[in-house]
2 protein chains.
Amino acid sequence: MDERKRQVLFSIVRDYIQTAEPVGSRTIARRYDLGVSPATIRNEMADLEELGYLEQPHTSAGRVPSDRGYRFYVDAIGGLPELTSAEAALVKKHLGGKLRGQELMLEATARLLSILTNYTSIVITPAQARPKLRLLQVIPLADHRAVVMMVSDNGVVANEVLTIPENLSFDDLAEICAYINYQYNNVSLDRLQFADFSGRMSARIEAFERAMDSLIANLERRESDRVVLGGATNILNQPEFKDVAKLRAILRVLEEHDLVFKLVRTSASNPASISIGAENPLEELKECSIITATYRFGGLKTGHISILGPTRMEYPRVIALLSFVSRFISES
Amino acid sequence: MDERKRQVLFSIVRDYIQTAEPVGSRTIARRYDLGVSPATIRNEMADLEELGYLEQPHTSAGRVPSDRGYRFYVDAIGGLPELTSAEAALVKKHLGGKLRGQELMLEATARLLSILTNYTSIVITPAQARPKLRLLQVIPLADHRAVVMMVSDNGVVANEVLTIPENLSFDDLAEICAYINYQYNNVSLDRLQFADFSGRMSARIEAFERAMDSLIANLERRESDRVVLGGATNILNQPEFKDVAKLRAILRVLEEHDLVFKLVRTSASNPASISIGAENPLEELKECSIITATYRFGGLKTGHISILGPTRMEYPRVIALLSFVSRFISES
DNA sequence: TTTAGCACTCACTGATAGAGAGTGCTAACA
DNA sequence: TGTTAGCACTCTCTATCAGTGAGTGCTAAA
């Protein structure tokens with residue numbers, strides 16, 4: 001693979017990324033100044049196809065990069081591309097300023113990434129390991145209602161509004177809570193069992209038990225990794241997915257957050273964090289690429305941000321953007 | 001509009017709902033036993049078209065119901081259709097059992113509705129009016145961190161994890177909270193201003209101020225109506241939307257939760273809560289129908305559940321399902 | 001009033017031809 | 001020996017056209 005072949009390959013990749021049309025030898029000769037004639041380029045293209053970097057949709061069409069071609073291109077980009085300062089400023093403007101809490105921040109990130117790239121963005125919130133009970137508390141409200149809330153040792157809070165049953169006073173509830181706090185403090189959430197507990201009270205307090213179950217479920221869910229999508233419908237803009245069947249396959253994957261989660265995880269464990277076409281584990285996404293970056297909140301909890309787009313993706317720009325954003329939110 | 005015309009119209013509507021193909025006179029004569037010949041039906045069809053209940057895609061095609069035709073059909077269904085007992089059981093199985101808290105419950109509802117109908121479901125969570133501060137509290141965690149949480153008088157909770165600044169002890173924080181609780185108890189959230197407050201302390205506590213702002217924003221957001229979608233991609237299954245341009249228009253609307261919210265609200269204020277085709281305010285949805293039902297949590301807070309599908313929707317079934325589900329979740 | 005018959009309309013299908021883009025090969029050239 | 005011009009060839013794409021079939025509207029008979 002000599003220098004000129006590289007140039008030809010890169011020209012084709014770049015042109016195809018821009019136009020989504022198979023690229024012919026004449027186009028290359030005209031548009032990129034390689035100083036050789038179309039015929040020469042044709043010869044190089046034939047070689048590149050033989051080597052597996054290019055493909056031909058049909059005999060008399062131009063060439064299209066193969067997954068391998070994109071891979072070569074991406075690996076060759078090397079030294080992290082820089083974001084334009086205009087875009088960097090945009091990121092700072094939208095994600096900087098007043099920090100608005102983890103959840104809102106991550107949603108804003110997902111939205112921003114999808115707008116800037118015109119692809120679909122995926123944000124995975126950081127997960128905690130085996131949360132423990134830190135505090136259970138009731139707070140009275142009007143109309144015989146009360147909030148019950150539960151805090152984990154990671155500071156995650158779940159809450160539930162409860163109508164206080166007839167046979168119970170608010171003070172009774174408070175007493176129960178005090179007992180639970182005493183008994184179960186710092187106990188792993190998955191080992192809490194409230195069902196048998198309320199037998200200690202004179203009467204069973206069904207409403208309360210149910211609220212407890214609900215709280216635990218809720219808390220565990222919040223503790224676990226969540227998936228936030230941005231611009232899921234951006235795929236509709238890509239010409240390669242104007243076929244409804246393909247669209248459906250991809251959107252169905254995006255609806256299944258479990259799948260998305262695993263996908264991003266495998267992509268992230270990749271050293272380079274870029275999965276191109278068939279490299280990624282889901283058949284449905286064999287015409288898509290996924291780029292993933294990792295961020296850290298407070299130096300501890302790690303999550304991921306990804307961009308999902310067609311294999312014909314603007315790799316340098318997306319890589320630059322993701323690495324910038326992940327650094328930015330890690331620092332703030 | 002005599003009895004036979006009604007029968008012809010209904011047959012066409014039903015057939016078209018099932019097949020999505022323009023319906024011809026012969027088909028009606030064969031498939032529905034009206035006791036008259038195709039020629040007669042043709043005459044009736046011509047009349048119905050003149051009256052605006054039917055449309056013809058082109059001269060030599062069968063007839064398709066117009067919005068007005070669907071409207072007539074829907075109004076004529078009258079006395080609420082009943083859900084099959086099998087489906088009712090399914091609803092009970094998935095939404096009954098242990099009540100798992102409002103949020104999870106509503107998400108489960110959205111999912112269930114979309115699966116049962118194969119259309120897109122929209123769930124609007126109930127809104128509260130002008131929430132007030134009920135309680136602010138800090139809870140210490142390990143590693144110099146603490147949870148700050150804020151509870152509104154409606155029992156909605158927002159929380160934020162805070163790293164306690166060097167120049168502050170946990171007790172300082174607790175004291176600040178005590179002061180705020182004393183000073184601002186039962187004050188409407190939108191009138192809280194913490195920025196000037198911390199000037200009272202010896203040093204400005206920026207981290208704390210920011211956490212407060214974040215909490216308020218978060219709380220207000222949670223208090224407001226939220227939109228939960230189920231099966232947004234089900235639209236892809238409808239033959240009338242195999243055109244990507246139409247799809248994009250609809251999915252874009254669904255991505256804008258503000259729009260969806262207004263849409264459901266206008267639909268719900270409709271007495272019958274059914275918007276057919278051009279009846280509904282968004283141009284993009286002029287080939288869709290929306291059916292909305294209202295539910296109440298705890299007898300107070302009202303929210304909505306809707307189904308969005310093509311105008312060619314299985315109205316009776318969807319109406320039955322929605323009214324059953326809304327009753328079910330209102331009672332539980 | 002209903003129905004049978006019939007001419008007419010129009011989308012859809014498949015075949016065919018021509019245009020255009022692009023290739024691969026050969027032979028000439030530097 | 002590498003590069004280039006020329007040319008035949010391939011294949012898709014588009015337009016055109018005839019044939020088919022579903023369905024209609026009208027007319028006249030029952």
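So that the names make sense, note that chain A is the first sequence line, chain B the second, and so on, each numbered from 1.
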[atom1] of [X] versus [atom2] of [N]: gap in Å, rounded?
X: B/R42; N: D/dC26; atom1: CZ; atom2: P; answer: 11 Å
X: B/R4; N: C/dT3; atom1: CZ; atom2: P; answer: 8 Å
X: B/L54; N: D/dG25; atom1: CG; atom2: P; answer: 11 Å
X: B/L48; N: D/dG25; atom1: CG; atom2: C1'; answer: 16 Å
X: A/N43; N: C/dG22; atom1: CG; atom2: P; answer: 17 Å
X: B/M45; N: D/dA22; atom1: CE; atom2: P; answer: 16 Å
X: B/E55; N: D/dG23; atom1: CD; atom2: C1'; answer: 17 Å
X: A/R26; N: D/dG6; atom1: CZ; atom2: P; answer: 13 Å

Closest-nucleotide ordering on DNA chain C, the 5'-leading residue of B/P57 and B/P38: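 By nearest-heavy-atom nucleotide position, the 5'-most residue is B/P38.
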Residue closer to the 5' end of DNA chain C, B/T59 versus B/V36 (nearest nucleotide):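 Looking at DNA chain C, the more 5' nearest nucleotide goes with B/V36.
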For the side chain of [X] and the backbone of [Y], is there at least one donor-acceptor N/O pair under 3.5 Å apart?
X: A/S66; Y: A/G52; value: yes
X: A/Y119; Y: A/E314; value: yes
X: B/S11; Y: B/Q7; value: yes
X: A/E50; Y: A/D47; value: no

Stretch residues 10-21 of chain A: residues that reach within less than 4.0 Å of DNA chain D through a heavy atom: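 Heavy-atom contacts with DNA chain D come from no residue of residues 10-21 of chain A; none.
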Minimal non-hydrogen separation, B/K246 against B/E240, with atom names: NZ-O, 3.8 Å
Minimum-distance pair of heavy atoms, taken over all atoms of A/Q238 and A/N118: NE2-O, 3.9 Å
Any N/O donor-acceptor pair, B/S60 side-chain to C/dC10 base, under 3.5 Å: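 Side chain to base: pair present.
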A/Y70 side chain reached by A/M313 side chain, heavy atoms, under 4.5 Å: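 No, every pair of side-chain atoms sits at 4.5 Å or beyond.
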Side chain of B/S25 - closest among C/dT23, C/dA4, D/dT24: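 Nucleotide nearest to B/S25's side chain: D/dT24.
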Under-4.0 Å side-chain N/O to phosphate OP1/OP2 contact, A/T40 with D/dG2: no
Side-chain N or O of A/R63 closer than 4.0 Å to phosphate OP1/OP2 of C/dG22: no
